[in-house]
Every structure is written in structure tokens, then in C-alpha cells.
Amino acid sequence: MYRICKRIELESGHLLSKHPGNCQFPHGHTRSVELVFAADTLDSHEMVVDFKAVQEMVGAFLQQFDHALCMNTDDPNYAQFRAVYGDRIIPFEHSDPTSEAMAKTVFDHAQAALQQAKQGAGSFPVRDCVRLERVRVWETSSSWAEYAEA
């Protein structure tokens, strides 16, 4: 089996309403998001999938998180933050935007984008045999969360 990993870095903030400590306050991280794709064979260019295809699938989606604040929509200050900062506040419906939740959010988007790419969306061909294995979100240089489907 062959695997590739595309890593994208961004500056992202969040606050965790349910957290008992300092994470309940707005704070930021330099995050790295890793997406791992796999295939049993290589394409005619000797690749699993072109890294540029991965960038097309997730680049704009991840850009919305850059210099934005992720918030639980149940946070009592959510409406006020959204009114003041608009789309720079990224809603997480009824859940805290933990790195675990972010990894699943990115995975779900990338999985849908991969299916569209297999149907010809985008500038680079993606074969039907290409699979998204996992998404890992690094919160710090020593802490990450990962989501993968069984």
C-alpha cells in the first residue's frame, strides 16, 4: 500500500466553553493539519494522488479557519462574538471546537471533496481507488488529535 500526507499550517483560535481551566478563554494555536491518502497502486504519474489535488480539495476550506475563532454555538457569548466578528467566528454546532472535533470536521469535508474529485471536479485527476485514511490536527508541537473511519 502507498500513502501520502499533505500537511497544511494555519493560525487558529478557539475557546472551550465546557473546559474547567484556562482553555475556556479565547486562545490561539499554530495548527498543522495532516491528511493521509492511500492507494494500493500508483497512477500513471507514479503517484497516489497529486499534492495539488489535495490542496484543491481542502485548501479553501481550511483557509476559513486561519485567523478565525472557533466557538461552540451554545456558548453564551457566541451571538455577540458572531455579531462583532462575522464569519471570522466559526460555529461548532452544540459542541466545543476541540482538536478532536476539528479533525472530524476536516475529515468529513475532505471525504466529500475526495468523492467530488473522483467524479472529475478539480484540475487534477483522482482515481476511484484513492482513500482518505485519516486526518490529524496538531494543536501544539507535542499534542495532536486524529480522526479516521473504521
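Heavy atoms only: backbone and side chains are in, while hydrogens, waters and symmetry mates are out.
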Is the side chain of Gln64 donor-acceptor paired with the backbone N or O of Phe61 at a distance under 3.5 Å, no angle test?
yes
Euclidean distance, Thr105 OG1 relative to Glu100 CD, rounded to 0.5 Å:
11.5 Å
Honestly curious: do Leu15 and Ile89 fall in one hydrophobic cluster under the side-chain, below-4.5 Å linking rule?
yes
Using every non-hydrogen atom in the two residues, find where Asp75 and Asn77 come nearest and quote the distance to one decimal.
OD1-N, 2.7 Å
Could you tell me whether Lys52 sits above the aromatic face of Phe124, with NZ or CZ closer than 6.0 angstrom to the six-membered ring centre and within 45 degrees of the axis?
no
Between the side chains of Arg82 and Thr73, does any donor sit under 3.5 Å from an acceptor?
no
Tightest non-hydrogen contact, residues Val137 and Met102, listed as CG2-C, 4.2 Å
Check Cys70 against Phe65 and note the closest heavy-atom contact, atom names and distance.
SG-CD2, 3.6 Å
Of the non-hydrogen atoms in Val130 and Lys118, which two are nearest, and what is the gap between them?
O-NZ, 2.8 Å
In terms of hydrophobic clustering (I, L, V, M, F, W, Y; side-chain heavy atoms under 4.5 Å; direct or indirect links), are Leu42 and Met1 co-clustered?
no
Should Val106 and Val49 be regarded as members of a common hydrophobic cluster, given that ILVMFWY residues are connected when their side-chain heavy atoms come within less than 4.5 Å of each other, either directly or indirectly?
yes
Closest heavy-atom pair, His14 versus Glu139, reported as atoms and distance to 0.1 Å, is CE1-OE1, 3.8 Å
Quick check for you: to the nearest 0.5 Å, what is the distance between Leu35 atom CG and Phe107 atom CZ?
9.5 Å
Non-hydrogen side-chain atoms of Met71 and Phe92 separated by less than 4.5 Å
no
Is Gln24 reaching over with its side chain to a backbone N or O of Gly21, donor-acceptor style, under 3.5 angstrom?
yes
Check the pair Leu69 / Tyr85 against side chain to side chain contact (heavy atoms under 4.5 Å, CB included), numbers first and verdict last.
CA-CA 9 Å; Leu69 181 68; Tyr85 299 109; over 6 Å; no
Once you round to the nearest 0.5 Å, how far does CD of Gln115 lie from CE of Met57?
10.0 Å
Hey, could you give me the CZ/CZ distance between Phe51 and Arg7, rounded to the nearest 0.5 Å?
13.0 Å
Polar side-chain atom of Ser12 near backbone of Asp66 as donor-acceptor pair, under 3.5 Å
no
Does Arg3 come within less than 4.0 Å of Glu133, counting only side-chain N to carboxylate O?
yes
Under 4.5 Å between any side-chain heavy atoms of Ser99 and Trp144, yes or no?
no
Taking Val58 as the starting point, is it possible to reach Val135 by hopping between hydrophobic residues whose side chains are less than 4.5 Å apart?
yes
So, are Arg131 and Asp40 salt-bridged, with charged N and O less than 4.0 Å apart?
yes
Has the side chain of Asp96 got a donor or acceptor atom that lies under 3.5 Å from a matching backbone atom of Thr98?
no
Looking at Phe37, is its backbone amide N or carbonyl O close enough to the side chain of Lys6 to form a donor-acceptor pair, meaning the two atoms are under 3.5 Å apart?
no
Ignoring hydrogens and angles, tell me if any N or O in the side chain of Asn72 forms a donor-acceptor pair with the backbone of Ser17 under 3.5 Å.
no
Side-chain donor-acceptor pair present, Thr41, Arg127, cut-off under 3.5 Å
yes
Checking side-chain hydrogen bond (donor to acceptor under 3.5 Å, both in side chains) against Trp138, which of Glu34, Glu9, Glu146, His29 comes through?
Glu34
If you round to the nearest 0.5 Å, how far is NE2 of His19 from NE2 of His27?
8.0 Å
Examine Val48 and Ile8 and state if one hydrophobic cluster contains both, with Ile, Leu, Val, Met, Phe, Trp and Tyr joined whenever side-chain heavy atoms are less than 4.5 Å apart.
yes
For residues Leu132 and Val36, report the shortest heavy-atom separation together with the two atoms involved.
CD1-O, 3.4 Å
